[in-house]
*Asks:* 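Below is one structure. I have some questions about it.
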Amino acid sequence: MPQLAPERGRTATPSGRSLPRRGREAVLIAGYLLLAAGLTTAQWGRSDRLFHQYSDQVLFEWMLARTARALVAGENPLHSDAVGFPDGVNLMANTSVLGLGVPLTPVTLLFGSQVAFLVAVAGCLAGTAAAWYFLLSRTLVRSRAAAAVGGLFCGFAPGMIAQAGAHLHMAAQFLVPVILWLVFDPRPGRTVRRGTALGLTVAYQVFLGEETLVFLVLACGLFALAYAVCDPATARRRAPELLGRLGVGTLTALPLLAYPLWRQFFGPQHYRGMPFDVDAYALDLLSFGSWATQTVAGGATSAAGLAPNATEENSFFGVPLLVLSVVAVIRLRRRPLVRALAACGLVFALLALGSSVGVGGTDTGLPGPYRLLREVPLLDLAVPARFPLIVVPVIAILLALLLDDVWQRDGRIAGRIPARGVWAVAVAAALLPLTPTPIRTVPFAPVPDFISSGQWRGYVPDGRTLVAVPPVGGGEATSGMLWSARTGVAFAAPGGFYIGPSGPGDPQAHWGAPDRPTSVLLRHVARSGQVPVVTDADRAQAVADLRHWRAAVVVLGELRHGDAVRQTVELLLGPGTRADDVWIWDVRDQAA
């Protein structure tokens, strides 16, 4: 990347005094933070509401709470049996976001997992925007305004908002600009120092989000190749320095990551593949010119049929911004950087279409480029719909370069109209429709008083578990996991929303713990509301399952088909007891 001298000087304030550059940047970052905080307002002070993809929020709240507990109690941060008991969960293989959980531990301990999650969401969005601003303003553009616009789009693009409400590991991109700077900074020398910093930063990114890092490595390789084609002389001159940094970085990161990665891929409760078909998570070609749900130009139906779900609306840039990006490439086409960026962005956009291209909700049967990566290790685990998250900074850099070029030329159109004004209006017209709206929330049953008050402690001795109904499953097991998160992971439970192996000897990925017959029965009732015929064999199986889980008490909180579930549990275990706002079954003797 070319190194440009940053803009110098001071800006006059209304009072006549000047505001130093650092002051202006502090105001800018404060603006990013206020915008990010505003997007989470629908949940502040509302323990009975979660973001619309509620099961993902529950997972990340639990991960933050578990990290805090692990630090305080000196427990293994890479594995836990507090969910999925007795086998537990491989946290390295489950987006445990230790890189967020560790620094947020004081917040989690003082204010709880919900506040910690919201702080993480706001921090990831604002931090990503600020990091990109600093990279752009220090390396690529002279105009601070152009860098501010680029940073704003990187942090608050529709794809970032879609991910932030559900996937902290994808929203935590504030180290991406740092890694890019350490890799591509054209200044020679200090190879060991910069390579070491690169290795440490990459190691930390692993504990934020490995999927983002895989995308970034792929993007860096593609960008470097495209740049070498566009400007071979410069590429040859800079190659030794770049390769030296990468070598030192690899030697630095590997010792730090060797054991955690071994735990992830070969340790207890590791798994293979994904519990869903990644080809089902591709984006429609028309999504690129459409409006995302959570933008002022979008709405509840604007993205219907164009993305797999609301959390994967990563490609919704709108036609005006796509046109402006093409104009930027044409205007700045003489720069090798621009041509390489355009090639990189185009490839990642095409990869998002999956193995078979869909247009307007119809599968055309045309093969998509992702088909070439479908069997590549690591990339076969990537969700195609997330590839446009690399297109976001590509567009942001193009916008920043375009605005900077216009600001430097300061020409006029038709001899009268200031070019700066025209281009500023064009950029505003492209970006304003993408202004994010507050992340949508949905009602969710709050943690029962029986749990939050600690009454459960009188029923659960050491070494035994609290079984929330339904006990095991994917999204259906989120209530008990939320109770665990908001009590600081104070008890162990058999269920949970995470990915693990299908069973002993079968490493194929599976949502949650392996099913037991009783969990399958109760999950079916929770979904259907139909009370089944319960036999003596079912009752015997329920006791066997409770013993497997080392259960002490079975707890039924608020469920949509709660009456049917209660009747079924009573047919299995006998009459329940009303305790505060839940039904409980004391099974300490039965499951001993």
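When a residue number appears, it is its place in the shown sequence, counting from 1.
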*Asks:* To the nearest 0.5 angstrom, please state how far the OG1 atom of T478 sits from the CD atom of Q57.
*Replies:* 11.0 Å

*Asks:* Flag the pair D231 and R339 as a salt bridge only when some basic side-chain nitrogen lies within less than 4.0 angstrom of an acidic carboxylate oxygen.
*Replies:* no

*Asks:* Is there a ring pair (Phe, Tyr, Trp, His ring centres under 6.0 Å) between F387 and F215? Walk through the geometry before answering.
*Replies:* CA-CA 7 Å; F387 282 113; F215 285 178; 4.6 Å; yes

*Asks:* When the ring centroid of F316 is compared with that of F288, is the distance short of 6.0 Å?
*Replies:* no

*Asks:* May I ask you to check whether D363 and S356 show a side-chain donor-acceptor distance below 3.5 Å?
*Replies:* yes

*Asks:* Determine whether L91 and M63 satisfy the following criterion, side-chain contact (heavy atoms from CB on, under 4.5 Å), listing intermediate values before the conclusion.
*Replies:* CA-CA 8 Å; L91 298 178; M63 290 297 184; 3.9 Å; yes

*Asks:* Using only heavy-atom distances, determine whether the side chains of S355 and R371 contain a donor-acceptor pair under 3.5 Å.
*Replies:* no

*Asks:* Any chance you could lay out the side-chain contact (heavy atoms from CB on, under 4.5 Å) test for L50 and T441, step after step, and finish with the verdict?
*Replies:* CA-CA 5 Å; L50 299 177; T441 62; over 6 Å; no

*Asks:* What's the shortest heavy-atom distance between V338 and L398, and which atoms?
*Replies:* CG1-CD2, 3.9 Å

*Asks:* So which atom in C154 and which in A396 form the shortest heavy-atom distance, rounded to 0.1 Å?
*Replies:* SG-CB, 3.3 Å

*Asks:* For W407, is there any backbone N or O sitting under 3.5 Å from a side-chain donor or acceptor partner on D404?
*Replies:* no

*Asks:* Sequence neighbours left out, what pairs pass salt bridge (charged side-chain N to carboxylate O under 4.0 Å, His left out) with at least one residue falling in residues 202-213?
*Replies:* E211-R386

*Asks:* Do the side chains of L432 and T435 get nearer than 4.5 Å, heavy atoms only?
*Replies:* yes

*Asks:* Any donor-acceptor pair under 3.5 Å linking the side-chain atoms of Q294 with those of E313?
*Replies:* no

*Asks:* Is there a donor-acceptor pair under 3.5 Å between the side chain of T293 and the backbone N or O of A300?
*Replies:* no

*Asks:* Out of curiosity, L208 CG to L168 CG, how far, rounded to the nearest 0.5 Å?
*Replies:* 10.0 Å

*Asks:* List the atom of V278, the atom of L381, and the distance in Å for their closest heavy-atom pair.
*Replies:* CG1-O, 4.4 Å

*Asks:* Please check this pair: side chain of T295 against backbone of G298, looking for a donor-acceptor N/O pair closer than 3.5 Å.
*Replies:* yes

*Asks:* Contact between T234 and Y227 at the side-chain level, heavy atoms closer than 4.5 Å - yes or no?
*Replies:* yes

*Asks:* Using the test side-chain contact (heavy atoms from CB on, under 4.5 Å), find all partners of Q53 that sit at least two apart in sequence or belong to another chain.
*Replies:* D56, A166, T311

*Asks:* Got a donor-acceptor contact below 3.5 angstrom from the N90 side chain to the R263 backbone?
*Replies:* yes

*Asks:* Judged by atom type as modelled, is there a donor-acceptor pair below 3.5 Å linking the side chain of Y271 to the main-chain atoms of A93?
*Replies:* yes

*Asks:* Measure the shortest side-chain to side-chain distance between H510 and I499 over non-hydrogen atoms and say whether it is less than 4.5 angstrom.
*Replies:* no

*Asks:* What is the distance from atom OH of Y370 to atom CZ of F348, rounded to the nearest 0.5 Å?
*Replies:* 12.5 Å

*Asks:* State whether R272 and D506 are salt-bridged, where the test is any N-O pair (Lys NZ or Arg NE/NH1/NH2 against Asp/Glu carboxylate O) under 4.0 Å.
*Replies:* no

*Asks:* Do V83 and F497 come within less than 4.5 Å of each other through their side chains, counting heavy atoms only?
*Replies:* no

*Asks:* Look up atom CG in L59 and atom NE2 in H169, then write down how far apart they are to the nearest 0.5 Å.
*Replies:* 9.0 Å

*Asks:* Nearest 0.5 Å please: distance from the CH2 atom of W132 over to the CD atom of Q173.
*Replies:* 8.5 Å

*Asks:* For the residue pair Q114 and E61, confirm or rule out a side-chain donor-acceptor distance under 3.5 Å.
*Replies:* no

*Asks:* Go through the steps to decide whether L135 and L140 satisfy the test side-chain contact (heavy atoms from CB on, under 4.5 Å), and finish with yes or no.
*Replies:* CA-CA 7 Å; L135 177 68; L140 289 177; 5.6 Å; no

*Asks:* Drop me the distance from L285's CG to L366's CG, to the nearest 0.5 angstrom.
*Replies:* 10.0 Å

*Asks:* Does the side chain of I29 reach to within under 4.5 Å of the side chain of F134, using non-hydrogen atoms?
*Replies:* yes

*Asks:* Any sub-3.5 Å donor-acceptor pair from S96's side-chain atoms to M92's backbone N or O?
*Replies:* no

*Asks:* Less than 4.5 Å apart, side chain to side chain, heavy atoms only: is that true for P433 and W291?
*Replies:* yes

*Asks:* Between V176 and T128, is there a side-chain heavy-atom distance shorter than 4.5 Å?
*Replies:* no

*Asks:* Has N314 got a side-chain atom pairing as donor or acceptor with L389's backbone, closer than 3.5 angstrom?
*Replies:* no

*Asks:* For ring pair (Phe, Tyr, Trp, His ring centres under 6.0 Å), just list the numbers for F184 and F223, CA-CA rounded to whole Å, side-chain angles, deciding distance to a tenth of an Å, and then say yes or no.
*Replies:* CA-CA 10 Å; F184 291 114; F223 171 82; 5.3 Å; yes

*Asks:* What are the two closest heavy atoms between V121 and A164, and how far apart are they?
*Replies:* CG2-O, 3.4 Å

*Asks:* With the threshold set at 4.0 Å, does a side-chain nitrogen-carboxylate oxygen contact exist between R374 and D277?
*Replies:* yes

*Asks:* Check whether any side-chain N or O of R331 sits under 3.5 Å from a backbone N or O of L402 as a donor-acceptor pair, and report yes or no.
*Replies:* no

*Asks:* Any idea which heavy atoms bring F156 and Y32 closest together, and the distance?
*Replies:* CZ-O, 3.4 Å

*Asks:* Can you list the steps and then say if V329 with L341 is a side-chain contact (heavy atoms from CB on, under 4.5 Å)?
*Replies:* CA-CA 9 Å; V329 172; L341 283 171; over 6 Å; no

*Asks:* Which heavy atom of A253 sits nearest a heavy atom of G199, and at what distance?
*Replies:* CB-O, 3.6 Å

*Asks:* How about F51 and F117: do any of their side-chain heavy atoms sit closer than 4.5 Å?
*Replies:* yes

